[in-house]
Amino acid sequence: MKRTCFLLVIIVSMITGGAFSATDMSKPRVSLFSTSTDWQALTGLQLNQYHGTFITNTKLVAKGLELYYLDSFPCYGLGYGVRVWVGPDGSHDGTLNIVCLYPPKQLNFAYRNSKQNADQGISTGMLVCNVDVNGRDIEINLSKCDKSKNWSEYK
């Protein structure tokens, strides 16, 4: 893993090196860093995988609720486990699998109401959910989630 990251840094440096030499260095440069930081190496804390289950709130879920986990410290989502559809009867399609340095107290999700097999569409906004953790299991009671502003209201 470290070798792969090192090689990636070298390749990116070689590709972008010529572009930086041609720019005006008197202007401030913006640096963008990947969100895939190796938090375990950075903090010395051990990463652990957590599995989430949802308790349905029929008022919020209505015909179905499509949720996408939004990465935030101390956790990040595993690619195969960040989208979940929750039905009004408690059924679900997908799983929530995240990796954390320590058990989270709150999780954020992009959400939208949709039927189970609907095409991916624009989400409504963010749900901020307080969670209960038991070992490596996270319980997300949708009645304890707060809706944030719609995306168009974020500035």
Side-chain angles (χ1 to χ4, degrees), residues 1-13 15-16 30-151 153-155:
M1 176 74 171
K2 289 181 182 180
R3 182 178 181 192
T4 304
C5 289
F6 177 73
L7 290 173
L8 182 60
V9 169
I10 289 174
I11 292 169
V12 170
S13 297
I15 292 170
T16 60
V30 176
S31 295
L32 300 176
F33 296 95
S34 169
T35 59
S36 301
T37 301
D38 184 350
W39 291 347
Q40 184 168 303
L42 187 65
T43 64
L45 299 173
Q46 182 177 349
L47 288 168
N48 293 296
Q49 184 171 340
Y50 293 85
H51 175 74
T53 57
F54 294 87
I55 297 174
T56 304
N57 172 348
T58 53
K59 183 179 176 184
L60 176 64
V61 172
K63 60 186 172 187
L65 192 65
E66 185 177 39
L67 300 166
Y68 286 88
Y69 172 69
L70 300 173
D71 290 344
S72 61
F73 188 80
C75 302
Y76 61 88
L78 298 173
Y80 61 88
V82 296
R83 182 208 168 270
V84 178
W85 178 86
V86 179
D89 61 354
S91 61
H92 67 281
D93 175 11
T95 58
L96 175 67
N97 289 302
I98 60 177
V99 175
C100 306
L101 291 171
Y102 53 86
K105 295 179 181 177
Q106 194 175 70
L107 298 177
N108 299 325
F109 298 92
Y111 78 97
R112 75 178 181 121
N113 288 102
S114 68
K115 294 180 182 175
Q116 183 172 6
N117 295 317
D119 292 336
Q120 181 177 345
I122 296 173
S123 61
T124 304
M126 187 174 12
L127 285 180
V128 179
C129 302
N130 293 324
V131 299
D132 295 315
V133 179
N134 183 10
R136 301 274 171 80
D137 295 320
I138 298 174
E139 183 177 85
I140 301 105
N141 185 336
L142 294 173
S143 66
K144 293 182 181 179
C145 298
D146 293 321
K147 289 182 184 180
S148 67
K149 305 178 212 177
N150 291 337
W151 294 124
E153 298 175 279
Y154 280 90
K155 302 285 182 212

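For the numbers below, each heavy atom of this structure counts, side chains included, while hydrogens, waters and symmetry mates do not. Numbering of residues begins at 1 and proceeds along the displayed sequence.
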Query raised in the report: Who passes ring pair (Phe, Tyr, Trp, His ring centres under 6.0 Å) against Phe73, sequence neighbours left out?
Result: Trp39

Report task. Kindly give the heavy-atom pair with the smallest separation between Tyr80 and Gln49, and that separation in Å. Result -> OH-NE2, 3.4 Å

Query raised in the report: Going from OG on Ser143 to CG on Leu60, what distance comes out if it is rounded to the nearest 0.5 angstrom?
Result: 9.0 Å

Query - Pairs meeting criterion salt bridge (Lys or Arg N to Asp or Glu O under 4.0 Å) with involvement of residues 88-105, two or more places apart - result: none

Requested in this report: Name all pairs fulfilling the disulfide bond (SG atoms under 2.5 Å apart) condition that reach into residues 40-78, sequence neighbours left out, sorted by first residue then second.
Outcome: Cys75-Cys100

Query raised in the report: With sequence neighbours excluded, what pairs up with Asp137 under the side chain to side chain donor-acceptor pair (under 3.5 Å) test?
Result: none

**Report entry** Set of residues satisfying salt bridge (Lys or Arg N to Asp or Glu O under 4.0 Å) with respect to Arg112, sequence neighbours excluded
**Finding:** Glu66

Requested in this report: With sequence neighbours excluded, tell me which residues meet side chain to side chain donor-acceptor pair (under 3.5 Å) with Ser72.
Outcome: none

Requested in this report: Would you please name every residue forming a side chain to side chain donor-acceptor pair (under 3.5 Å) with Asn108, sequence neighbours left out?
Outcome: none

Report task. With rounding to the nearest 0.5 Å, note down the distance linking CG in Leu142 to OH in Tyr111. Result -> 11.5 Å

Query raised in the report: Is a donor on one side and an acceptor on the other found under 3.5 Å between the side chain of Asn113 and the backbone of Gly64?
Result: yes

Report task. Identify, with sequence neighbours excluded, every residue that meets ring pair (Phe, Tyr, Trp, His ring centres under 6.0 Å) alongside Tyr68. Result -> none

Requested in this report: List in chain and number order the residues that pass side chain to side chain contact (heavy atoms under 4.5 Å, CB included) with Val84, two or more places apart in sequence or in another chain; answer none if no residue qualifies.
Outcome: Phe54, Val86, His92, Leu96

**Report entry** Nearest heavy-atom neighbours spanning Leu45 and Gln40
**Finding:** O-CG, 3.0 Å

Query - Between CG on residue Asn134 and CD on residue Glu139, distance to nearest 0.5 Å - result: 9.0 Å

Query - Which residues share a salt bridge (Lys or Arg N to Asp or Glu O under 4.0 Å) with Asp132, sequence neighbours left out - result: Lys144

Report summary line: Applying side chain to side chain donor-acceptor pair (under 3.5 Å) to Thr43 and not counting sequence neighbours gives none

Can I get a per-line list of side-chain donor-acceptor pairs under 3.5 Å for residues 117-131, giving both atom names and the distance, sequence neighbours left out?
{"residue": "Ser123", "atom": "OG", "partner": "Trp151", "partner atom": "NE1", "Å": "2.7"}
{"residue": "Asn130", "atom": "OD1", "partner": "Gln106", "partner atom": "NE2", "Å": "3.2"}

Query raised in the report: Roughly how far, to the nearest 0.5 Å, is the OH atom of Tyr50 from the CG atom of Asn48?
Result: 4.5 Å

Query raised in the report: For the residue pair Thr56 and Gly90, what are the closest heavy atoms and their distance?
Result: OG1-CA, 3.1 Å

Query raised in the report: Ile138 and Pro104: which non-hydrogen atoms are nearest, and at how many Å?
Result: CD1-CG, 3.8 Å

